[in-house]
Amino acid sequence: RLTERLDAALKKMTGRGKIREADVDEAMREVRRALLEADVHFKVARSFIAAVRERAVGKEVLSSVTPAQQVVKIVHDELTELLGRETEGLAKASDGPTVIMVIGLQGSGKTTSAAKLALRLKKAGGTPLLAAADVKRPAAVEQLRTLGEQIDVPVHFESAKSKPEHIARNALDKARKDKHSAVIVDTAGRIQLDEELMEEVRRMGKLTKPDEVLFVADAMTGQEAVNVAAEFHERVPLTGLILTKMDGDARGGAALSIRAVTGVPVKFLAQGEKVEPLEVFHPDRLASRILG
Amino acid sequence: VFTRSSIGDDDWEELEDLLITGDVGPEFALDIVTRLRQQVKDEGIKTPDAMLAAMQTLLIEALDAGSGELAGGHGPTIVLVVGVNGSGKTTSIAKLAHSLKRAGLTSLLAAADTFRAGAIDQLKIWGDRLDQRVVAHQPGADPAAVVFDALGAATAAGVDYLIIDTAGRLQTNRNLMAELEKVVRVLNRADAGAPHEVLLVLDGLTGQNALSQARLFGEAVGVTGIILAKLDSSSKGGVVFPITEELAVPIKFVGTGESIDDLAVFDPTEFVEALLR
Ligand SMILES: Nc1nc2c(ncn2[C@@H]2O[C@H](COP(=O)(O)OP(=O)(O)OP(=O)(O)O)[C@@H](O)[C@H]2O)c(=O)[nH]1
Ligand SMILES: Nc1nc2c(ncn2[C@@H]2O[C@H](COP(=O)(O)OP(=O)(O)OP(=O)(O)O)[C@@H](O)[C@H]2O)c(=O)[nH]1
Ligand SMILES: [Mg+2]
Ligand SMILES: [Mg+2]
């Protein structure tokens with residue numbers, strides 16, 4: 001555990017005087033290792049360590065806690081701050097249905113998260129409509145329709161020959177006509193290197209003018225999380241991040257990297273396969289998890 | 001780093017960073033760079049080209065975990081495919097069946113993911129496209145029952161391969177891992193050698209958690225090979241280094257896209273070259 005590793009690194013420090021540069025060198029190496037093991041991007045880890053070092057060096061060594069506890073608190077506070085404020089929840093359209101788009105890499109959990117978002121809105125008294133705009137993956141439409149049935153939320157779907165942006169547009173028209181409070185568009189997984197598919201998601205954004213564009217990211221994503229998110233953000237500005245599969249033991253450092261580099265706020269944490277409500281993001285809890 | 005005329009401390013750090021961006025993890029990156037530095041010193045390696053060659057050799061050797069060949073020659077050869085949610089199992093099974101078909105070998109596919117919405121439909125669509133039979137029950141059925149049924153069907157049909165698709169599960173979920181162990185017991189009882197191959201599908205974009213996946217799936221069902229999917233993405237899949245180092249499981253295949261022929265036999269040389277680019 002990090003506190004134990006820091007105890008060993010800081011055992012030479014006693015409860016007198018100020019924290020010195022040399023004291024924290026080894027401790028910062030331990031923190032860097034913990035962050036990298038948690039999949040925090042190495043550049044984000046580097047600038048984070050620099051910020052912590054600045055906050056720690058010169059501080060009075062407190063007699064009430066061990067030096068390790070003192071450093072951990074500085075690290076934890078800095079990390080919590082970097083992760084951003086608690087989420088304000090989902091945006092709401094000023095008039096007409098709120099449009100929410102979920103995008104991301106293959107298999108990250110978009111379809112399942114789309115259903116969870118629908119459930120959240122329904123429980124809050126809304127009347128959401130799901131849109132099955134993934135016509136590429138075999139049985140993706142069936143998957144969303146089944147989930148829609150499970151939570152009693154209607155799903156707009158069309159034939160596999162329809163273009164995703166038209167499905168989204170038609171779903172929005174239907175939502176307006178039938179007075180749905182929101183339309184949640186599920187999209188096909190895509191990699192940011194695929195020019196055509198990135199263009200497609202940009203066109204979908206232009207056509208539907210979403211109030212929320214949520215990037216669905218797997219909590220276990222490694223170093224590439226930053227490059228992927230940055231490219232998606234460039235194409236169609238992301239308004240929030242959903243971190244999925246948090247019910248496992250992945251530390252979730254990708255969330256810090258994405259937040260630090262793109263500024264996109266973490267909005268929700270998905271904690272399981274069943275269509276249950278999403279967990280609202282708490283920065284201090286995620287900070288503890290990332291530190292391990 | 002490999003194009004400089006002399007190597008300084010900053011360059012060694014840069015090399016370590018390069019490996020870390022490839023997801024090899026901080027521990028492996030430090031170890032291998034330390035070993036390379038020692039080798040450069042001992043052998044008096046002077047040129048960047050020679051240093052790059054030495055690094056490549058070290059990395060390729062680190063991936064040596066024995067035969068990468070798919071098991072075969074049993075009647076039928078039983079392949080169990082496992083992994084965490086969304087890693088690429090179902091798609092990889094379709095690709096595997098396709099490449100076996102191209103080699104003149106028949107497969108029967110078992111839709112043992114009876115939990116996830118649309119999972120059975122998804123495999124059935126692939127089966128139709130490949131014209132390979134799929135054995136399935138209704139959603140919610142016991143996966144072990146589907147497997148038992150598929151075993152009988154595969155033996156009766158005399159197919160070369162029975163490939164079993166299972167539900168995604170996080171390696172830390174005790175109940176779901178127990179469900180998988182039960183499937184293995186059903187296979188053991190039918191044929192002492194079965195499953196002949198247990199393939200763990202890892203998402204190439206996964207970071208250090210992949211090591212925990214390989215460990216725990218290995219402990220539960222004995223993984224005999226890895227499919228590293230989604231390597232067409234921008235990630236390098238470097239987590240296979242700590243996995244190979246600790247568990248010595250061979251990487252057998254890589255997934256390079258979403259189409260049926262986007263499956264390749266793992267090539268350590270190509271993999272290492274891509275990592276160092
Ligand atoms: N354990 C766990 N599994 C999840 C979670 N969210 C999604 N899943 C599972 O992850 C797998 C992939 O989820 P999908 O919703 O199909 O992912 P997707 O992003 O829509 O996939 P593509 O459309 O193929 O890109 C499924 O097995 C889901 O049940 C989660 O929070 N926890
Ligand atoms: N780009 C790319 N996408 C892939 C690859 N392999 C699978 N996918 C995609 O990843 C997503 C998930 O694939 P599945 O085959 O459904 O994954 P799974 O492990 O069976 O998922 P669950 O059964 O829900 O756990 C789909 O959108 C696939 O098309 C690959 O090699 N490259
Ligand atoms: Mg989907
Ligand atoms: Mg599957």
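Reminder, nothing fancy here: chain letters follow the sequence lines and each chain counts from 1.
Checked by atom type, the side-chain pair A:Gln223/B:Thr21 shows no donor-acceptor distance below 3.5 Å. For the 3.5 Å distance criterion, the side chains of B:Asp203 and A:Gln106 fail to qualify, holding no donor opposite an acceptor.
Neither the backbone nor the side chain of B:Asn173 comes within less than 4.5 Å of any heavy atom of chain A.
B:Ile20 contributes atom CD1, which lies 12.5 Å from atom NZ of A:Lys43 (distance to the nearest 0.5 angstrom). Note that CG of A:Asp247 and OG1 of B:Thr172 are 7.0 Å apart. Values are rounded to the nearest 0.5 Å. With rounding to the nearest 0.5 angstrom, the CD atom of A:Gln192 is 7.5 Å from the OG atom of B:Ser233.
The closest donor-acceptor contact from the side chain of B:Asp23 to the backbone of A:Gly222 lies at 3.5 Å or more, if one exists at all. Between the side chain of A:Asp39 and the main chain of B:Gln208, a donor-acceptor pair closer than 3.5 Å is present.
For residues 80-95 of chain B, a heavy-atom distance under 4.5 Å to chain A picks out B:Val84, B:Asn85, B:Gly86, given by residue number. Within residues 120-142 of chain B, the residues approaching chain A closer than 4.5 Å by heavy atoms are, in numerical order, B:Asp121, B:Gln122, B:Ile125, B:Trp126, B:Arg129.
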For A:Thr221 and B:Thr206, run side chain to side chain contact (heavy atoms under 4.5 Å, CB included): C-alpha distance rounded to whole Å, both residues' side-chain angles, the deciding distance at 0.1 Å, then the answer. CA-CA 5 Å; A:Thr221 311; B:Thr206 303; over 6 Å; no
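A salt bridge is defined here as a Lys NZ or Arg NE, NH1 or NH2 lying under 4.0 Å from an Asp or Glu carboxylate O, and B:Glu258 with A:Lys136 meets this definition.
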